[in-house]
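Every heavy atom of this structure was used, including side-chain atoms; hydrogens, water molecules and symmetry mates were not.
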Amino acid sequence: MKTRDVVIFSGQQFAVPQCIQRIDHQSTHGWQLRYGGTKLFSDHSQDGSGAAAALAEATKALLSRIATLPAPSRLQRRPSGNKGSGLPVGISGPIVRQRASSRVRDCSFAVSLPRFGGSPRGRSVYIGTENTYTVEKYQAALAKAVALRESAEEAYQRAATRAKRAEGKALKEQLKSIIAAAPAAKAPKAAKAAPKAAAKAAPKAAAAKPASKAAPKVAVKAAAKAAVKPAAKTAVKAAVKAAAKPAVRKAAGKAAAKSARA
């Protein structure tokens, strides 16, 4: 698989394989994979510092798709707009001709059979002569022509996929250093994320400090209450005793007076 040199907006130059395109548009910076569908691998930076890691990830994804998906086919899938016969792609006719050794004309279909890496091969499918031609023979010959075309397309697709996967293996060897750079390029991102996590945790820790400061205050208040309770109880008992003494004295005086009278 061929590679090309691409210089991005930051001045960095990269060897980029086919099927990967550079996207630099306003706030979008990354590499777009175009094989078996499209996918954007973003730089995750505005200065191009993440371009190497993004290219490594895009290249990995490309190699994975090449190894698992069929190769894109360049075969024509639909008839041309100017084809008036209504026959499938690669089939034309019926072609009517008269051979030199024959007195009657015959007709047949012409089928183009694609070959990967080579020129298409032509094949003729006989229908019948003027005397033997029928609708049933026409339909049977057309079915045979379609089957020949489909078989050739399948062989073409298999050959194209084998060739593309061989290119993928060669590309993997060629770009080993670029692909291996992906984990190393991710490490600085993790290092950058650590200070951010610490910064997020700092406000929480700061919010928790007042609670620890408040703890001694709560303890002092609780101790004061505990100290006040025994004092209050003692004061109440003393007051009760003080109030009870005069009443006891009065009762003792009355009892003494009664005994004297007696």
With clusters defined by side-chain heavy atoms of hydrophobic residues (ILVMFWY) lying less than 4.5 Å apart, directly or transitively, does [Y] cluster with [X]?
X	Y	value
Leu142	Val125	yes
Ile8	Phe41	yes
Leu113	Val146	yes

If you take all heavy atoms of [X] and [Y], which pair is closest and at what distance?
X	Y	answer
Ser124	Arg97	OG-NH2, 4.2 Å
Ala163	Phe116	CB-CE2, 3.7 Å
Ile127	Ala141	CG1-CB, 3.7 Å
Leu63	Gly168	CD2-O, 3.3 Å
Thr161	Ala71	OG1-N, 3.1 Å
Ile95	Ala110	CD1-CB, 3.5 Å

Please round to the nearest 0.5 Å and tell me the distance separating atom [atom1] of [X] and atom [atom2] of [Y].
X	Y	atom1	atom2	answer
Cys19	Glu167	SG	CD	9.0 Å
Arg149	Phe109	CZ	CZ	15.0 Å
Thr3	Ile20	OG1	CD1	10.5 Å
Thr68	Arg165	OG1	CZ	7.0 Å
Arg65	Leu33	CZ	CG	4.5 Å
Leu62	Trp31	CG	CH2	13.0 Å

Please indicate whether [X] has more than 12 foreign heavy atoms, meaning atoms of other residues, nucleotides or ligands, lying under 6.0 Å from its [atom1].
X	atom1	answer
Arg123	CZ	no
Arg4	CZ	yes
Arg115	CZ	yes

Is there side-chain contact between [X] and [Y], with heavy atoms separated by less than 4.5 Å?
X	Y	answer
Glu153	Pro114	yes
Thr28	Leu40	yes
Ile91	Leu148	no
Thr132	Lys137	yes
Arg22	Phe14	no

Ser64: partners by side chain to side chain contact (heavy atoms under 4.5 Å, CB included), with sequence neighbours left out:
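Ser64 satisfies side chain to side chain contact (heavy atoms under 4.5 Å, CB included) with no other residue.
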Check for a donor-acceptor pair, side chain of Asp47 on one end and backbone N or O of Ser49 on the other, with a separation under 3.5 Å.
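Yes; at least one donor-acceptor contact below 3.5 Å.
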I'd like to know if the side chain of Thr129 pairs up with that of Asn131 as donor and acceptor (distance under 3.5 Å, no hydrogens or angles considered).
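No, no side-chain donor-acceptor contact under 3.5 Å.
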